[in-house]
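Here's the structure we're looking at; comments come further down.
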Amino acid sequence: MKSYAYVFILSLFIMSCSTSETSSENSIHTLEYQKQVDSLLGKMTLEEKVGQMVQYSGGWDLTGPATNANTQLKKQQIEKGLVGSMLNVTSVEQVREAQKLAIEKSRLKIPMLFGFDVIHGYKTMFPIPLGEAASWDLDLMQRTAAVSAKEATAAGVNWTFAPMVDISRDARWGRIMESAGEDTYLNTQVGLAKMKGYQGEDLANPTTMAACAKHFAGYGFVEAGKEYNTVNIGENEFHNAVLPPFKVLAEAGIATFMNSFSDMDGLPATASHELQKELLKEKWNYKGFVVSDWGSIKELETHGVTANLAESASMAVQAGNDMDMESNAYAEHLVQLVEDEVVAESRVNDAVGRILNLKFQLGLFDNPYKYCDEAREKTDIMSKENMDLAYEAALKSMVLLKNENQILPISDEVKSIALIGPLANDKNTPLGNWRGKAIDDSAVSVYEGLKGKLSNSVELSYHEGIDFIKGGESFGSPLKINTTDNSKIEEAVKLAKSKELVVLVVGESAFQSGEGRSQANIGFAGLQNELIEAVYEANPNTIMVLMNGRPMDISWSAKHFPAILEAWHLGSQAGNAIADVLLGNYNPSGKLTVSFPRSSGQEPFYYNHKNTGRPTGSPNEVVFSNTTDVNDEPLFPFGFGLSYTSFDYGEIKLSKNNFNKGEKLTAEIEVTNSGDRFGEEVVQLYIRDLVASRTRPVLELKAFEKVGLKPGESKTISFEISEKDIQFYTANKKWEAEAGEFKLFIGPHSEELKVETFHYE
Ligand code: BGC
């Protein structure tokens, strides 16, 4: 077995982490059950220990007879105590049956963990993460995670593979829908809120569940946004942009980490000793465990860094990967690897200790069936209360991108509306991808929402315009977008012409974004462009509603339509919430957490880029960093979103212009609601470090506050800046603040900012 040698090939790049990252002093996630863990470990055979590191996917009918050899084998393994966790086994009945095999048949009766991708809800669907992040409402995001946990635990699940905190700057990457967008600070705050929601105060509470920070690390930077692609990112950017949310979550006590499919600097993350062992477990002092991504241990072979599954097992386990999700690498080879002294038994003990510790924390040893409560399964899932929260989240996640001549909200004087578009009466698309156990076609459609909320005196007519998706789609299935049959457009055009106003609902199908859904083109797929242009020509008085899982190229629409409402994939209550925004029952308050480009070719496209050597600021510059065919300015910038009211910003007042280590600086600004209705504004603070030992972004979000103001009301928003807000990974390979001049900006979005200057000594 030669593979273990790889483990010790340290790239200089990551080596630097070990000198730069300080170990966490305030880690609350300690091995609190060490005594019980040690005592149990003492009783376990090597086979049983390795078994704890094995995770299998269920998805078979556990209550019926095992119909195939694989299922039969998995059941036998559980009975022998050789399976630590299952994923994709859901419902009280199924979980109880599986757990029973471990508890009633296995020698040591060690309960299993049950994991599932509860990404934006279990059965009650909340907006997809990219949409919900646009609410900038951390309390809301914590509450939706808590309800997701309540539902999932009522169905036997005690571990979610969320939150994903991969910084996502490339709209071509389908998994951007699972992130909080392109900003590191925001992803960190959202990740924390989500973790707190899932895990609650006490993991032993049966309505909370273990969370998982994923994918460690770099996955969001796959080249060209192509799924599972190679990542090439420099050390400085990796530390500044990618690692911070993971470090914060590790320190805050997130129960588990998942590694990434991607390779970086020649090494797949699953095999990275430097990332998992040295950085996460040693420098950050992380006490939870690392689960592989699905089959990512086996994929070390396809990456070409191992020759067979045994080498893959060896490399992954020694790198610090504790649990094997669906590779069968540990199950088949780890015992032998330890017996051959290729892998030290102490490494196995360490991994098993971490896994058992979580089982103790969850209280599974006291009651392995604590998540198997049929009564809760009936009352806690899809309750009225949960649906109300889904409605609130959907309302707060929408972003009003354009609203000329106050065409929105729809005036009472409008007496006839044509609702057109393939997504206008679609009850499935709003559920989005990664939809847990959502019931297909269970969302409220825009048609249903408008129908229920419009007064009887308004005539509402609907036409789909085109069949967008032909037949059903699901996770991983081939996309079935209609690209040929435009026969229905004519009727839709007729309808558009005959009504005072058109609401046109278009965008992406639910499964166009998500895992395995990268696209080279982020415009409208299928025949939507044809429909969009025909409807506009028929009736320019058209409001566009977008449903999508990524920023899209909507340049043509943004130029022509008077109003555009970004409605993402909003979840179970989508239609009710969209109707309430269109009709003015709710004043939109969301802001983009991703920049919208003008063309797919601009991706990756993000606000916090570097200045580069040019533009220099000289008015005579003729050649500089830009594109000559497409305007470089975002179509809609990071942080942008309109309201039905308006907000005026005063000037920034700094408590002082110089501050030293250990001191704080206060930045204040007065914000006034200058319109005539209540509204909420996300006030954003950015900083730019003008001269540093390494190039710094032109802007970096450092704080924000969402404030609600009545008409005419003013409020002074106050932000405290300290040394930590100007720290970065410097030329010394350390997080530190460098002395010098900084610009501080406050405003409604990243392209409209008041500015002040301060010095740090
Ligand atoms: C994804 C993970 C997910 C896992 C289990 C993988 O394909 O990358 O994010 O948690 O599957 O479903």
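Whatever order the structure lists them in is the order used to number ligands and atoms, beginning at 1.
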Could a heavy atom of M325 be found less than 4.0 Å from some atom of ligand 1?
yes

Without hydrogens or angle criteria, can the side chains of T207 and N205 be said to hold a donor-acceptor pair below 3.5 Å?
yes

Is it true that N608 and E182 share a donor-acceptor pair across their side chains at a distance under 3.5 Å?
no

Please confirm whether R175 comes within less than 3.5 Å of ligand 1 when only nitrogen or oxygen atoms on both sides are compared.
yes

Is there side-chain contact between T256 and M323, with heavy atoms separated by less than 4.5 Å?
no

Counting only heavy atoms closer than 4.0 Å, does ligand 1 sit against the backbone of E326, its side chain, both, or neither?
neither

Contact partition for M258 relative to ligand 1, non-hydrogen atoms under 4.0 Å
side chain

With respect to W294, determine whether any N or O atom, backbone or side chain, lies less than 3.5 Å from an N or O atom of ligand 1.
no

D117 versus ligand 1: do any nitrogen or oxygen atoms come within less than 3.5 Å of each other?
yes

Verify whether the ring centers belonging to W294 and F475 lie closer than 6.0 Å.
no

CG on N187 to CE on M164, rounded to 0.5 Å:
7.5 Å

Under 4.0 Å from any heavy atom of F161, which atoms of ligand 1 are there?
10 (O)

Using a 3.5 Å cut-off on N or O atoms only, is D293 in polar contact with ligand 1?
yes

Heavy atoms, side chains only, cut-off 4.5 Å: are E299 and Y228 in contact?
no

Check the pair S179, D166 against side chain to side chain donor-acceptor pair (under 3.5 Å), reporting the backbone distance first and the verdict last.
CA-CA 6 Å; S179 80; D166 293 316; over 6 Å; no

Which atoms of ligand 1 are found less than 4.0 Å from any heavy atom of H215?
2 (C), 8 (O), 9 (O)

Of all the heavy atoms in F261, does at least one lie under 4.0 Å from an atom in ligand 1?
yes

Do S513 and N548 make a side-chain contact, defined as non-hydrogen atoms from C-beta onward lying under 4.5 Å apart?
no

Which of the numbered atoms in ligand 1 are under 4.0 angstrom from any heavy atom belonging to K214?
2 (C), 3 (C), 9 (O), 10 (O)

